Novice: 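Take this structure, written in structure tokens, and hold onto it; I'll ask about it next.
All values derive from a computational prediction rather than experimental measurement. In what follows, residues are counted from 1 in the order of the sequence shown.
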Amino acid sequence: MEKGEWDNHTSPVDFVLLGMGNGASLQTWLFFLSLLIYSVTMVGNILIVVLVVADQHLHTPMYFFLGNLSSLETCYSSTILPRLLASFLTGDRTISAHGCLAQFYFFGLFVTTECYLLTMMSYDRYLAICQPLLYTSLMTWKVSLQLAAASWLGGLLISTVVTSFLSQLKFCGPKAIDHFFCDLTPLLELSCSDTSIVILLAFIISILDIVMPFLFTLASYMCIITAILRIPSSVGRQKAFSTCSSHLTVVTVFYGTLIVVYTVPRTTLLRQLNKVFSFSYTVLTPLVNPLIYSLRNREVREALRKAFRKALACTQSL
């Protein structure tokens, strides 16, 4: 497939996503599981966005970033799961070249943005715990908006660059992608072009997008934990740690699975394991984020109770 073939409208089938398995019973089970995950993910993340916007007590930089993260997870899930659900339901695993390229572009945009956004959230928690007296002057609304915008623009720029290089590749062999979505590594395995430039570019970008944000986040939490341990009272330590424990959990799950996916060799024996970890950070992480933040965060729980009370009062008045 040459560059022009990405724009070829005459070919009805360009790629086949092999997915998670072939058994009919397995497909049915995976469909209902994925549908449940997608429904809970959408409802949970949209609910958090609504709470952050509607509740005045959540109009702080920390919850502004949380609202951005939930918006991101909503878009993130919608890039992969609807197509996956359709393939489980109909058995049609084909995806057009345009569709594959678009899915990869938006997946790259959202996963890159999430890496940067989680880093910005760790910086916010660092200032709140390690520089509490300077927090309000350093983390202003203007700074919060700039950091969030930089995360989205960084993801947009990186995904655009990688996708433009990917669109130049030629695919002339089997077009069966051994994955459940159009990821970079499975696509490069099918290319008969020289992929060295794309691989080098992907390596450089992974340093900028995954390694550097991860190291920055790690350094932030080392400072945070050190500052918490210096607090004399156990109550004070517990209160300080509770403000960042949810974010630390999300960061651990997200980066842990992401690093495994892109460092474990894609050998025959490890391909299925790679898919499981990919499923974890692309599908399960957007699911657990709203659960973690709502269950472990007192202010979010309180805002949720207020919203339910208001909804109940409105229902009773009708």
Novice: Identify whether Val49 and Tyr76 are in the same connected component of the hydrophobic contact network (ILVMFWY, side-chain heavy atoms under 4.5 Å).
Specialist: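 Hydrophobic grouping puts Val49 apart from Tyr76.
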Novice: Does Ile177 reach the side chain of Leu18, with side-chain heavy atoms less than 4.5 Å apart?
Specialist: no
Novice: Nearest heavy-atom pair of Tyr116 and Pro213: which atoms, and what distance?
Specialist: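 It is CE2-CG, 3.8 Å.
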Novice: Please check if the side chain of Arg237 supplies one atom and the backbone of Ile231 the other of a donor-acceptor pair under 3.5 Å.
Specialist: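 Such a contact is found between Arg237 side chain and Ile231 backbone.
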Novice: Checking disulfide bond (SG atoms under 2.5 Å apart) for the pair Cys223/Cys130: CA distance, chi angles, key distance, verdict?
Specialist: CA-CA 7 Å; Cys223 295; Cys130 299; 5.7 Å; no
Novice: Flag yes if Leu145 and Val53 sit in one hydrophobic cluster, no otherwise; membership is Ile, Leu, Val, Met, Phe, Trp, Tyr, and two members link when side-chain heavy atoms are under 4.5 Å apart.
Specialist: no
Novice: Do Asp183 and Thr185 pass the side chain to side chain donor-acceptor pair (under 3.5 Å) test, and can you show the C-alpha distance, the side-chain angles, and the key distance before you say yes or no?
Specialist: CA-CA 6 Å; Asp183 200 3; Thr185 303; 5.4 Å; no
Novice: Would you say CZ of Phe31 has more than 12 non-hydrogen atoms from neighbouring residues, nucleotides or ligands within 6.0 angstrom?
Specialist: yes
Novice: Rounded to the nearest 0.5 Å, what's the gap from CG on Leu69 to OG on Ser71? Could you check?
Specialist: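 Between atom CG of Leu69 and atom OG of Ser71 there are 8.5 Å.
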Novice: Do the rings of Phe254 and Tyr281 sit parallel, tilted or perpendicular, given the 30° and 60° boundaries?
Specialist: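 Because their plane-to-plane angle is over 60°, the rings of Phe254 and Tyr281 count as perpendicular.
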Novice: Is it possible for you to say whether Val161 and Ile158 belong to one hydrophobic cluster, with membership spreading through side-chain heavy-atom contacts below 4.5 Å?
Specialist: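 Yes; tracing contacts between hydrophobic side chains, which count when under 4.5 Å, links both residues.
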Novice: For Ser87 and Leu17, what are the C-alpha separation, side-chain angles and deciding distance, and is it a side chain to side chain contact (heavy atoms under 4.5 Å, CB included)?
Specialist: CA-CA 9 Å; Ser87 67; Leu17 292 168; over 6 Å; no
Novice: May I have the step-by-step check of side chain to side chain contact (heavy atoms under 4.5 Å, CB included) for Phe65 and Val52, ending in yes or no?
Specialist: CA-CA 10 Å; Phe65 287 124; Val52 170; over 6 Å; no
Novice: Going through the distances and angles, do Tyr63 and Asn68 end up as a side chain to side chain contact (heavy atoms under 4.5 Å, CB included)?
Specialist: CA-CA 8 Å; Tyr63 292 107; Asn68 269 269; over 6 Å; no
Novice: With sequence neighbours excluded, tell me which residues meet side chain to side chain donor-acceptor pair (under 3.5 Å) with Glu73.
Specialist: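 Scan of Glu73 (side chain to side chain donor-acceptor pair (under 3.5 Å), adjacent residues dropped) gives Asn289.
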Novice: Heavy-atom distance under 4.5 Å between the side chains of Leu169 and Leu166, does that happen here?
Specialist: yes
Novice: With sequence neighbours left out, what residues match Leu200 under side-chain contact (heavy atoms from CB on, under 4.5 Å)?
Specialist: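 Partners of Leu200 under the side-chain contact (heavy atoms from CB on, under 4.5 Å) test: Ile204.
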Novice: Identify each donor-acceptor pair in which a side-chain atom of residues 118-127 lies under 3.5 Å from a protein atom, sequence neighbours left out, and give them as a table.
Specialist:
unit_1: Thr119; atom_1: OG1; unit_2: Cys115; atom_2: O; d: 2.9
unit_1: Ser122; atom_1: OG; unit_2: Thr119; atom_2: O; d: 2.6
unit_1: Asp124; atom_1: OD1; unit_2: Tyr135; atom_2: OH; d: 2.5

Novice: Should Phe180 and Thr282 be marked as a side chain to side chain contact (heavy atoms under 4.5 Å, CB included) after you check the CA-CA gap, both sets of side-chain angles, and the distance that decides it?
Specialist: CA-CA 11 Å; Phe180 58 90; Thr282 59; 3.7 Å; yes
Novice: Tell me whether Leu248 shares a hydrophobic cluster with Val253, the cluster being built from Ile, Leu, Val, Met, Phe, Trp, Tyr side chains joined at under 4.5 Å.
Specialist: no
Novice: Looking at CG of Leu117 and CG of Leu66, how far apart are the two atoms once the value is rounded to the nearest 0.5 Å?
Specialist: 9.5 Å
Novice: OG1 of Thr74 to CG of Asn45: how many Å apart, nearest 0.5 Å?
Specialist: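 Answer rounded to 0.5 Å: 4.5 Å.
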Novice: Between Phe165 and Phe104, is there shared hydrophobic-cluster membership here, with clusters defined by ILVMFWY side-chain heavy atoms closer than 4.5 Å?
Specialist: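 Yes, Phe165 connects to Phe104 through the hydrophobic network.
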Novice: Which heavy atom of Leu81 sits nearest a heavy atom of Ser34, and at what distance?
Specialist: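 For Leu81 and Ser34, the tightest heavy-atom pair comes out as CD2-CB, 4.1 Å.
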Novice: May I ask you to check whether over 12 heavy atoms, not counting those of Lys310, lie within 6.0 Å of atom NZ?
Specialist: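 No, the 6.0 Å shell around NZ holds no more than 12 heavy atoms from other groups.
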Novice: Any sub-3.5 Å donor-acceptor pair from Ser193's side-chain atoms to Lys170's backbone N or O?
Specialist: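 Yes.
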Novice: So does Arg230 have more than 12 non-hydrogen atoms from other groups sitting under 6.0 Å from CZ?
Specialist: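 Not buried by this count: 12 neighbours or fewer within 6.0 Å.
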Novice: Could you check if a side-chain atom of Phe110 sits within less than 4.5 angstrom of a side-chain atom of Ile80, using non-hydrogen atoms only?
Specialist: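 Answer no - side chains too far apart.
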Novice: Does Ile199 reach the side chain of Leu188, with side-chain heavy atoms less than 4.5 Å apart?
Specialist: yes
Novice: Any donor and acceptor pair, going by atom type alone, linking the side chain of Thr140 with main-chain N or O of Ser137 inside 3.5 Å?
Specialist: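 Flag not set: sc Thr140 to bb Ser137 has no pair under 3.5 Å.
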Novice: Would you say Leu187 and Cys100 make side-chain contact, with heavy atoms under 4.5 Å?
Specialist: yes
Novice: Say whether, by atom type as modelled, one donor and one acceptor occur between the side chain of Ser159 and the main chain of Leu156 under 3.5 angstrom.
Specialist: no
Novice: Might you point out which heavy atoms bring Thr112 and Gly154 nearest each other, and give the distance in Å?
Specialist: CG2-O, 4.2 Å
Novice: If you measure from the Lys or Arg side-chain nitrogens to the Asp or Glu carboxylate oxygens, is any gap between Glu189 and Lys175 under 4.0 Å?
Specialist: no
Novice: Should the heavy atoms of other residues, nucleotides or ligands under 6.0 Å from CG of Leu208 be counted, would the total exceed 12?
Specialist: yes
Novice: Within a strict 4.5 Å, meaning less than it, do heavy atoms of the Phe181 and Thr79 side chains meet?
Specialist: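 Side chain of Phe181 against side chain of Thr79, heavy atoms only: no contact under 4.5 Å found.
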Novice: Do the non-hydrogen side-chain atoms of Tyr38 and Val283 ever get within less than 4.5 Å of each other?
Specialist: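 Side chain of Tyr38 against side chain of Val283, heavy atoms only: no contact under 4.5 Å found.
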Novice: Going from CH2 on Trp152 to OG1 on Thr113, what distance comes out if it is rounded to the nearest 0.5 angstrom?
Specialist: 5.5 Å
Novice: Mind listing the closest non-hydrogen atom pair of Thr60 and His57 along with its distance?
Specialist: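 Smallest interatomic distance, heavy atoms only, reads CG2-O, 4.1 Å.
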Novice: When rounded to the nearest 0.5 angstrom, what is the spacing between CZ in Phe64 and CH2 in Trp141?
Specialist: 6.5 Å
Novice: Testing the basics here: between Ser70 and Ile48, what is the closest heavy-atom pair and its distance to 0.1 Å?
Specialist: OG-CG2, 3.3 Å
Novice: Taking atom CD of Gln238 as the centre, report whether more than 12 heavy atoms of other residues, nucleotides or ligands fall under 6.0 Å from it.
Specialist: no
Novice: Heavy atoms, side chains only, cut-off 4.5 Å: are Ile95 and Cys182 in contact?
Specialist: yes
Novice: Under 3.5 Å, is there a donor-acceptor pair between the side chain of Thr90 and the main chain of Asp92?
Specialist: yes
Novice: How many angstroms lie between atom CD1 of Ile207 and atom CD1 of Ile205, to the nearest 0.5 angstrom?
Specialist: 11.0 Å
Novice: Would you find a donor on one side and an acceptor on the other, under 3.5 Å apart, between the side chain of Ser77 and the backbone of Met42?
Specialist: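 Side chain of Ser77 to backbone of Met42: no pair is present.
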Novice: Locate the shortest heavy-atom distance separating Ser164 from Ser167; write the atom from each residue and the value.
Specialist: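 Shortest heavy-atom contact: O-OG, 2.7 Å.
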Novice: Within a reach of under 6.0 Å around NE2 of His59, are more than 12 heavy atoms found that belong to other residues, nucleotides or ligands?
Specialist: yes
